[in-house]
Asks: 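I have a structure here, written as structure tokens, and I will follow up with some questions on it.
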Amino acid sequence: MKVNDYIYPSFLVTENLFAIAGDEEMLFRTTERILSDGFYKKVELATIKNPEMCRKYAKMIEQLGLEWVQWLTADINELKLNPSTTDKALRKRTIEALVRLAENAAQSGANHVAIIGGPDCEEALREEATKGLEEVLTVVCEKLSQYPGMKLLLEPLDRGAHKNNLIGPTPEAVALMERVNRAHNNCRIAWDSAHVALNKEDFSESLRQSAPFLGQLHIANAIVDPQAEGYGDWHMPMGKPGVITQESGREILRAAAQAVRGALPISVAIETRCLEAQEIMRRVETNRKFLEEILLA
């Protein structure tokens, strides 16, 4: 079994080019340069609010024949929304905004929209909060069903650790997917290694459990010792002192390829955040080399 028969590379613009995110023209030119040689088959972007710039990205992505994921995380935070709120009024506003954003993304040419859930709440409210999140996902999936092939991705985060999200542990994420997909079967898990590690889960077992609903992968590093400097998911480079090395990266992709055998291939992106503009291309090249090596597992 060859991993790259089942897993293909994606480029996560919003994190890898974080240092220049505020300069739309530079961000576009740099993204275009990185994607131009055809290595990456998918691009992951935040919402592009400038209509002219959105058209430029759409044209480039179409010409290159790429898949396109639009992440709505920044929109959720900016609008102070919460997909897993127990406040019915806030949930209604969240649904309305996400439906609008998802529809705009679909009409722009995106193949997927991606979100995270909301923060964890007290244990007594978790069931209610999870039902609220299920409602949000179901309504957005209903809207996306009007666009053939369009899917909603939900990224489970860690719970009781750094990001402390409601939907974290893999079994709960999978149970939620089972319920949401009864109607339209267009909601998938955006699996992230950092959060799985912080949840103290085994990578291979998490992927095995997630298999029916795997939509894409992020290889993200994390320091999992709560007493260690840098504890958590800070989108750090690959390698020690984090848990993601070439060896663990290969193991993840081997397990993911095994999980999706017989289904459509899925993408993988390296998730690191570069904070210095002058370091961007060096980091991009390092990440690509790492990705190329683990894809040969």
Side-chain angles (χ1 to χ4, degrees), residues 1-20 27-45 60-61 63-69 71 111-112 114 153 155 190-197 203-204 206-207 210 214-222 233-261 263-297:
M1 180 185 71
K2 293 183 178 179
V3 163
N4 57 16
D5 287 340
Y6 302 95
I7 314 290
Y8 59 92
S10 175
F11 186 69
L12 180 58
V13 173
T14 49
E15 292 301 315
N16 283 272
L17 305 185
F18 186 84
I20 58 171
L27 185 68
F28 175 79
R29 291 195 304 271
T30 306
T31 301
E32 186 177 39
R33 172 185 170 189
I34 291 166
L35 298 176
S36 63
D37 70 356
F39 173 73
Y40 294 102
K41 307 303 181 186
K42 180 192 273 187
V43 61
E44 302 179 39
L45 299 162
M60 174 188 68
I61 291 167
Q63 288 176 340
L64 293 173
L66 304 178
E67 293 185 49
W68 174 0
V69 177
W71 280 91
N111 311 101
H112 306 77
L153 300 169
E155 180 179 338
W191 189 93
D192 185 295
S193 58
H195 301 300
V196 173
F203 291 135
S204 296
S206 172
L207 288 161
S210 303
L214 274 178
Q216 66 174 40
L217 311 170
H218 280 177
I219 302 298
N221 207 0
D233 170 36
W234 295 103
H235 302 177
M236 63 188 287
M238 302 295 105
K240 300 293 184 181
V243 296
I244 301 298
T245 61
Q246 283 189 11
E247 181 180 357
S248 59
R250 290 190 185 102
E251 290 174 358
I252 288 169
L253 292 198
R254 280 194 292 263
Q258 184 67 42
V260 300
R261 288 183 72 177
L264 293 175
I266 62 172
S267 66
V268 59
I270 301 297
E271 182 173 11
T272 68
R273 176 175 289 187
C274 187
L275 299 174
E276 300 294 335
Q278 64 271 22
E279 289 294 310
I280 280 178
M281 293 311 299
R282 185 186 65 82
R283 178 74 65 82
V284 167
E285 290 167 5
T286 299
N287 287 345
R288 174 165 168 170
K289 183 179 179 182
F290 184 92
L291 185 53
E292 287 174 329
E293 290 173 347
I294 66 174
L295 277 167
L296 294 176

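The residues of the chain are indexed from 1 along the displayed sequence.
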Asks: Quick check: closest heavy atoms across L295 and V3, and the distance to 0.1 Å?
Replies: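 What the structure gives for the nearest pair is O-CB, 3.7 Å.
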
Asks: Please name the pair of heavy atoms, one in L253 and one in I219, separated by the smallest distance, quoted to 0.1 Å.
Replies: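 In this case the closest contact between L253 and I219 is CD2-CD1, 4.3 Å.
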
Asks: Using only heavy-atom distances, determine whether the side chains of H218 and E15 contain a donor-acceptor pair under 3.5 Å.
Replies: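 No, no side-chain donor-acceptor pair sits under 3.5 Å.
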
Asks: Thinking salt bridges, do E292 and R288 make one under a 4.0 Å N-O criterion?
Replies: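 Looking at R288 together with E292, the answer is yes, because their closest N to O distance falls below 4.0 Å.
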
Asks: What verdict does the side-chain contact (heavy atoms from CB on, under 4.5 Å) test give for L64 and V43, after you've listed the backbone C-alpha separation in whole Å, the side-chain angles of each residue and the deciding distance to 0.1 Å?
Replies: CA-CA 10 Å; L64 293 173; V43 61; over 6 Å; no

Asks: I need the minimum non-hydrogen distance between T272 and P237, along with the two atoms involved.
Replies: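 Shortest heavy-atom separation between T272 and P237 comes out as CG2-CA, 3.9 Å.
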
Asks: Can you find a heavy atom in the side chain of V69 that is under 4.5 Å from one in the side chain of L12?
Replies: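 No - every pair of side-chain heavy atoms lies 4.5 Å or more apart.
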
Asks: Salt bridge (charged side-chain N to carboxylate O under 4.0 Å, His left out), that's the test. Do R282 and E279 meet it? Break it down for me.
Replies: CA-CA 5 Å; R282 185 186 65 82; E279 289 294 310; 2.5 Å; yes

Asks: Can you tell me how far apart CD1 (I34) and CG (N16) are? Round to the nearest 0.5 Å.
Replies: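 The distance works out to 7.5 Å.
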
Asks: In Å and rounded to the nearest 0.5 Å, what is the CG to CG distance from L296 to L291?
Replies: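 If we round to the nearest 0.5 Å, L296:CG and L291:CG are 9.5 Å apart.
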
Asks: Mind running side-chain contact (heavy atoms from CB on, under 4.5 Å) on H112 and Q216 for me, showing each step along the way?
Replies: CA-CA 11 Å; H112 306 77; Q216 66 174 40; 5.8 Å; no

Asks: Assess whether atom CD of E247 is packed by more than 12 heavy atoms of other residues, nucleotides or ligands within 6.0 Å.
Replies: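 Not buried by this count: 12 neighbours or fewer within 6.0 Å.
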
Asks: For R273 and W234: C-alpha separation, side-chain torsions, deciding distance, then whether side-chain contact (heavy atoms from CB on, under 4.5 Å) applies.
Replies: CA-CA 8 Å; R273 176 175 289 187; W234 295 103; over 6 Å; no

Asks: Taking C-beta and beyond as the side chain, do R33 and M281 meet within less than 4.5 Å on heavy atoms?
Replies: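 In contact.
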
Asks: Checking R250 against Q246: is there a side-chain donor and acceptor pair closer than 3.5 Å?
Replies: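 Distance-only check passes for Q246 and R250.
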
Asks: Locate the shortest heavy-atom distance separating A277 from A19; write the atom from each residue and the value.
Replies: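 So the two residues come closest at N-CB, 3.6 Å.
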
Asks: Quick check for you: to the nearest 0.5 Å, what is the distance between W71 atom CH2 and L153 atom CG?
Replies: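 The CG atom of L153 is 6.5 Å from CH2 of W71, to the nearest 0.5 Å.
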
Asks: As an exercise, state the distance from CD1 of I294 to NZ of K289, rounded to the nearest 0.5 Å.
Replies: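 Spacing of CD1 (I294) from NZ (K289) equals 13.5 Å.
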
Asks: What I want to check is whether the side chains of H195 and E155 have a donor and an acceptor closer together than 3.5 Å.
Replies: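 Per modelled atom types, H195 and E155 side chains form a pair under 3.5 Å.
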
Asks: State whether the number of non-hydrogen atoms from other residues, nucleotides or ligands found under 6.0 Å of F203 atom CZ is greater than 12.
Replies: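 Count over threshold, so yes.
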
Asks: In Å and rounded to the nearest 0.5 Å, what is the CD to CD distance from E67 to E44?
Replies: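 Reported to 0.5 Å precision, the distance equals 10.0 Å.
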
Asks: Could you check N4, I252, L217 and say which one makes a side chain to side chain contact (heavy atoms under 4.5 Å, CB included) with V268?
Replies: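 Going through the options one by one, the only one that passes is L217.
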
Asks: Mind checking the CZ-OG1 spacing from F290 to T245? Nearest 0.5 Å is all I need.
Replies: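 Reported to 0.5 Å precision, the distance equals 6.5 Å.
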
Asks: Which atom names give the shortest non-hydrogen contact between S267 and K42, and what distance separates them?
Replies: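 Taking every non-hydrogen atom into account, OG-NZ, 2.8 Å.
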
Asks: Please report the closest heavy-atom contact between M236 and N221, naming both atoms and the distance.
Replies: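 Looking at all heavy atoms of both residues, the closest pair is CG-CB, 3.5 Å.
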
Asks: Taking C-beta and beyond as the side chain, do C274 and F18 meet within less than 4.5 Å on heavy atoms?
Replies: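 C274 does not reach F18 side chain to side chain.
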
